[in-house]
Amino acid sequence: MITDATLTSKGQTTIPKEIRDSLGMKPGDRMTFTLMADGTVIMRVKTKSIMELAGILHKKGRKTVSTDKMSP
């Protein structure tokens with residue numbers, strides 16, 4: 001998909017609707033931009049907050065490990 005956007009004098013642009021819809025973006029979503037050596041820019045949508053990730057590694061019956069024991 002190729003779409004065009006314009007940069008304003010304040011350095012702002014609008015992400016085209018087709019792109020926002022394809023990525024499931026909504027107001028307030030955050031993005032990261034990575035500039036590659038060849039000039040390509042990779043934009044990633046950060047869809048998860050740290051609070052949404054809380055508990056995803058928990059498995060019933062698994063013993064907890066302190067952070068002190070995790071470090072080398």
ask   = Only one of I15, D29, V45 forms a side-chain contact (heavy atoms from CB on, under 4.5 Å) with R20, so which one is it?
value =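 Only one of I15, D29, V45 forms a side-chain contact (heavy atoms from CB on, under 4.5 Å) with R20, namely I15.
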key: Considering all heavy atoms, the nearest T3-P16 contact   =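 Smallest interatomic distance, heavy atoms only, reads OG1-CG, 3.3 Å.
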ask   = So which pairs with a foot in residues 10-19 pass side chain to side chain donor-acceptor pair (under 3.5 Å), sequence neighbours left out?
value = K17-D21
ask   = With D38, which residues qualify under side-chain contact (heavy atoms from CB on, under 4.5 Å), at least two apart?
value =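 Residues passing side-chain contact (heavy atoms from CB on, under 4.5 Å) with D38: M36, T40.
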request  = For T32, check side-chain contact (heavy atoms from CB on, under 4.5 Å) against everything at least two apart and list the hits.
outcome  =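 Once residues adjacent in sequence are excluded, the partners of T32 under the side-chain contact (heavy atoms from CB on, under 4.5 Å) criterion are R44, K46.
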request  = Kindly work out whether a path of hydrophobic side-chain contacts (I/L/V/M/F/W/Y, heavy atoms less than 4.5 Å apart) joins L35 to I42.
outcome  =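 As far as the 4.5 Å side-chain criterion goes, I42 and L35 are not connected within one cluster.
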query = Between L7 and M43, is there a shared hydrophobic cluster once you connect ILVMFWY residues whose side-chain heavy atoms come closer than 4.5 Å?
reply =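 As far as the 4.5 Å side-chain criterion goes, M43 and L7 are not connected within one cluster.
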message = Using a 4.5 Å cut-off between side-chain heavy atoms of Ile, Leu, Val, Met, Phe, Trp and Tyr, which other residues end up in the same hydrophobic cluster as I2?
response =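 Cluster partners of I2: none, it stands alone.
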